[in-house]
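So that the names make sense, note that chain A is the first sequence line, chain B the second, and so on, each numbered from 1.
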2 protein chains.
Amino acid sequence: MNHQRPCREDARDPAPWSNGAQAIGVPPFADVLADTHRVMRRAGSTLKLEGEVAGGHYVLFSGWLAVAKSMLDGHRQIVDVVLPGGFLDAVSADLCTSVVEIEALTDVSYAAIPRQDWQRLLRERPDLARASDGSVRAAMSRMSARMLRLGKGSADSIVAFALCELCLRSTGGGLSEGWAYHIPMTQQQLGDFCGLSAVHMCRTLQRFRRDDILELRAPMRMVIRDLPALAAIAEIDPPVLRQQIVPAA
Amino acid sequence: MNHQRPCREDARDPAPWSNGAQAIGVPPFADVLADTHRVMRRAGSTLKLEGEVAGGHYVLFSGWLAVAKSMLDGHRQIVDVVLPGGFLDAVSADLCTSVVEIEALTDVSYAAIPRQDWQRLLRERPDLARASDGSVRAAMSRMSARMLRLGKGSADSIVAFALCELCLRSTGGGLSEGWAYHIPMTQQQLGDFCGLSAVHMCRTLQRFRRDDILELRAPMRMVIRDLPALAAIAEIDPPVLRQQIVPAA
DNA sequence: GGGCGGGATTAACCAAGGTTAATGCGTCGG
DNA sequence: CCGACGCATTAACCTTGGTTAATCCCGCCC
């Protein structure tokens with residue numbers, strides 16, 4: 001079963017930079033971070049618990065991370081997803097308490113950089129500082145867009161948006177009809193990302209499939225069949241969204 | 001009708017720094033920004049439309065700003081609220097498109113600083129850079145916390161959270177029983193902030209009032225009657241939340 | 001091959017909130 | 001003093017999405 005169109009590699013693919021979402025000089029700042037402690041984690045492991053005293057900054061080399069928070073009843077919200085090349089500063093205003101919980105959606109490798117070193121790096125490497133700045137800015141754009149849909153959108157609109165966002169980011173800008181890509185999350189996790197229950201996530205995906213907007217080759221392997229329809233539901237314009245949420249556009 | 005407890009001044013109060021939420025050296029960086037173009041706007045005016053080409057950075061001197069986005073059907077979500085002393089960078093990853101719409105909730109005065117100048121200022125004034133950094137960090141903490149409730153919380157939990165957040169920020173840390181404060185927003189706007197309809201916002205507030213959690217002296221003038229209950233509904237610990245969402249704690 | 005386990009799918013039911021619309025209430029301008 | 005307007009309040013009704021639970025599917029291990 002071959003695809004007629006270009007097909008992205010699996011995000012679990014061992015080649016670290018294959019899906020370099022925010023690839024800013026693939027691999028990103030390898031020289032700067034060469035002597036940094038490099039950490040690997042298996043899919044499903046939790047890197048840091050909410051409220052725990054935080055280490056500092058992370059630069060993700062490969063794999064996907066979910067940044068999440070939970071309510072007392074156990075319901076989780078994935079606040080953002082970090083892709084290869086992405087930066088993550090899991091620290092709140094007080095500079096020491098982490099407000100979030102970080103989960104590896106796939107096997108990951110990343111650099112964990114103590115606050116002091118990070119500050120020094122930023123001063124020494126303006127390019128790093130610029131990239132980090134752009135990353136923060138993109139993250140805020142994405143979060144704003146998702147907040148809008150979380151608060152005032154329908155389930156359809158958030159799901160469509162999430163599909164577009166993750167496609168745009170994971171393929172580095174490709175969002176076109178027939179494009180096949182993989183989201184390395186379960187429907188439960190995608191639901192947590194969209195503020196929906198797993199059941200309703202499933203319902204929505206199936207409806208998209210029946211309406212020929214989406215093709216589901218295998219669990220979480222999507223092909224966009226009707227991009228105009230998807231973009232309309234998501235209320236986005238793909239090229240514009242790309243500029244806003246993918247850093248170093 | 002005098003209050004038995006300390007009562008904050010009206011946020012529309014002419015004294016510019018009276019409610020200095022994130023007051024970092026009241027007034028914030030007046031020296032740095034002395035020669036900057038200072039702008040005033042009336043309550044209700046819109047400073048910038050979504051998608052418009054953006055100017056750059058803002059430093060808010062007095063009044064409240066709402067940062068919002070809207071869906072095609074006109075439904076709005078207030079993504080964040082900026083208080084006196086707060087910084088605002090309404091620019092997305094591409095460094096030129098604004099992703100949001102900014103509305104003055106009260107009469108405001110602020111400095112609008114072009115990107116270039118801002119960059120220079122940051123280089124020249126490490127204290128400003130630190131403050132700006134802290135402000136961004138705090139904004140992200142707040143947004144994460146609100147996203148969690150938007151996605152997975154009940155109406156009660158978001159409203160309670162918003163009440164705590166705005167009290168903490170507008171009074172500079174005070175969140176205690178009997179404390180009276182004013183939120184210069186209509187219920188419609190507070191609803192847009194919480195992802196709720198104005199009607200449900202009203203219902204919720206009234207329920208809090210009936211349950212003796214809140215007292216509503218006049219529209220949007222609240223007194224917290226039962227802080228433990230409110231904090232429990234919001235699922236927060238006031239001092240901890242303060243550290244996380246109020247910069248320069 | 002058979003049992004197991006995790007995720008996906010589906011249906012039936014339920015409840016939290018949205019919508020609409022009527023009403024109240026206070027302020028402001030004439 | 002009146003009317004208009006903007007906001008708050010309340011009730012009635014209905015939609016969307018959550019919950020529960022049964023079933024399925026597929027890969028894996030024995």
Side-chain angles (χ1 to χ4, degrees), chain A residues 1 10 12 42-44 70-71 73-77 103 105-106 148-162 182-211 214-222 233, chain B residues 1 10 12 42-44 70-71 73-77 103 105-106 148-160 162 182-210 214-222 233:
Chain A
M1 180 188 83
D10 189 331
R12 293 174 194 264
R42 292 244 140 251
S70 347
M71 307 277 311
D73 65 7
H75 283 172
R76 267 165 33 114
Q77 174 71 39
E103 183 191 330
L105 293 171
T106 66
L148 166 63
R149 286 152 183 92
L150 240 34
K152 300 288 172 124
S154 61
D156 283 16
S157 72
I158 324 176
V159 174
F161 182 86
H182 173 54
I183 298 178
M185 304 167 86
T186 64
Q187 293 191 358
Q188 174 67 252
Q189 290 167 329
L190 195 54
D192 290 347
F193 187 49
C194 295
L196 297 174
S197 67
V199 172
H200 202 67
M201 185 75 240
C202 181
R203 283 199 271 247
T204 306
L205 252 18
Q206 293 305 319
R207 190 149 26 78
F208 284 177
R209 190 175 56 65
R210 269 196 297 281
D211 296 346
L214 214 64
E215 182 186 333
L216 295 163
R217 291 239 158 104
M220 296 298 106
R221 312 202 89 91
M222 353 282 236
I233 297 172
Chain B
M1 180 188 84
D10 189 330
R12 292 175 195 265
R42 294 242 140 252
S70 343
M71 308 276 311
D73 65 8
H75 282 171
R76 268 165 36 110
Q77 174 70 39
E103 183 191 331
L105 293 171
T106 66
L148 166 62
R149 286 154 183 91
L150 241 34
K152 299 289 171 120
S154 60
D156 283 16
S157 72
I158 323 177
V159 174
H182 172 54
I183 297 179
M185 303 167 85
T186 63
Q187 291 190 2
Q188 174 67 252
Q189 291 167 329
L190 195 54
D192 290 346
F193 187 49
C194 296
L196 297 175
S197 67
V199 172
H200 202 67
M201 185 76 238
C202 181
R203 284 199 272 247
T204 307
L205 252 19
Q206 294 304 322
R207 191 148 27 77
F208 283 177
R209 190 175 56 64
R210 269 195 298 280
L214 215 62
E215 183 185 332
L216 295 164
R217 292 238 159 107
M220 297 298 107
R221 311 202 89 89
M222 351 283 232
I233 297 173

For atom CG of A/Asp156 and atom P of D/dG17, their distance in whole Å: 7 Å

Whole angstrom value for the distance that separates C1' of D/dT9 from CE of B/Met220: 12 Å

Salt bridge (Lys or Arg N to Asp or Glu O under 4.0 Å) contacts touching residues 193-202 of chain A (sequence neighbours left out): none

Angle between terminal axes - the helix from C/dG1-D/dC30 to C/dG30-D/dC1, 5 pairs each end, rounded to 10°: 30°

Gap between atoms CZ and P, on B/Phe208 and D/dA8 respectively (whole Å): 17 Å

Could I get a table of every N or O pair under 3.5 Å where one atom is in the protein and the other is in nucleotides 10-16 of chain C?
unit_1, atom_1, unit_2, atom_2, d
C/dA12, N6, A/Arg203, NH1, 3.3

Phosphate-side-chain proximity, B/Gln188 and D/dC7, N/O vs OP1/OP2 below 4.0 Å: no

Separation of atom CD in A/Gln187 from atom P in D/dT19, rounded to whole Å: 16 Å

Salt bridge (Lys or Arg N to Asp or Glu O under 4.0 Å) contacts touching residues 186-210 of chain B (sequence neighbours left out): A/Lys152-B/Asp192, B/Arg76-B/Asp192, B/Asp156-B/Arg207

Length of the NZ-P vector between B/Lys152 and D/dG18, whole Å: 8 Å

Residues within residues 189-197 of chain B bordering DNA chain C, heavy-atom distance below 4.0 Å: B/Gly195, B/Leu196, B/Ser197

Atom-pair distance (CG on B/Leu216; P on D/dA8), nearest Å: 11 Å

Atom-pair distance (CG on A/Leu205; P on C/dT9), nearest Å: 7 Å

A/Ile158: partners by side chain to side chain contact (heavy atoms under 4.5 Å, CB included), with sequence neighbours left out: A/Arg149, A/Leu150, A/Cys194

Rounded distance in Å - CD1 (A/Ile158) to P (D/dT16): 14 Å

